[in-house]
Amino acid sequence: DNTSGAICLDAVEGEMCHRLVTWIMEDGVRFDPEKYAGMSRATPFHEAQAVANAIHPDLCPRPCGAAPPAAPSAESDHEFIRCDYGHEDSKPAHAGCFVVHNGRLLAERLTYDGGKFDVPGGQSDWNEPARCTAFRETYEETGYLV
């Protein structure tokens, strides 16, 4: 549940965060039981990801299934939007975001191509995962956190 308006991302297999959460659940709870007190291999993945986020926010985003964090400052919000949590996409491309609210699609008027309308989106920063591009471009072009 993402009712806070802040970006959350559930770790996907192949990302650094997913590997970190898996390590915590399989090995971390055995090697450092004090650090991971109350956790076991049976801990739900999103709960373990929330712990990984608290310890390594640079490697692991807040999961969507976790309770929302306190309101971020403008500086920490900017860093969160960066969204490069240890996963690299070696083929930069374009990505966009379909934002639908109350049955209405968010579109923006282009400053080129005859002023047509399009969904928010743009080119990936080098090695940026496509879903992060979609989040970042939507925020940069509209100011909305999705």
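Because only heavy atoms are used, hydrogens play no part in the values below, and waters and symmetry mates are left out as well, while side chains stay in. Note that the coordinates shown come from a computational prediction; the quantities given were computed from them, not determined experimentally.
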Do the side chains of T133 and Q123 get nearer than 4.5 Å, heavy atoms only? no
How many angstroms lie between [atom1] in [X] and [atom2] in [Y], if you round to the nearest 0.5 Å?
X	Y	atom1	atom2	answer
C60	N53	SG	CG	6.5 Å
L59	H18	CG	NE2	15.0 Å
E47	M25	CD	CE	9.5 Å
C8	F135	SG	CZ	7.0 Å

Provide the closest heavy-atom pair for [X] versus [Y] in the form atom of the first, atom of the second, distance.
X	Y	answer
H56	L20	CD2-CD2, 3.8 Å
Q49	P61	NE2-O, 3.0 Å
E137	G122	CG-N, 3.5 Å
L9	C64	N-SG, 3.8 Å
A134	A95	N-CB, 4.0 Å
V21	A52	CG2-CB, 3.9 Å

Within residues 27-41 or reaching into it, pairs that qualify as side chain to side chain donor-acceptor pair (under 3.5 Å) - sequence neighbours excluded: D27-R30
Could you check whether any side-chain N or O of R109 sits under 3.5 Å from a backbone N or O of G115, counting only pairs where one atom can act as donor and the other as acceptor? yes
Taking T142 for the side chain and T138 for the main chain, is one N or O donor matched with an acceptor at less than 3.5 Å? yes
Count I, L, V, M, F, W, Y as connected when their side-chain heavy atoms are under 4.5 Å apart, and connections chain through other members. Are [X] and [Y] then in the same cluster?
X	Y	value
W23	I55	yes
V12	F45	no
V51	V29	yes

Using a 4.5 Å cut-off between side-chain heavy atoms of Ile, Leu, Val, Met, Phe, Trp and Tyr, which other residues end up in the same hydrophobic cluster as V119? F98, V100, L105
For E140 and R136, run salt bridge (Lys or Arg N to Asp or Glu O under 4.0 Å): C-alpha distance rounded to whole Å, both residues' side-chain angles, the deciding distance at 0.1 Å, then the answer. CA-CA 6 Å; E140 289 175 359; R136 180 182 52 74; 3.2 Å; yes
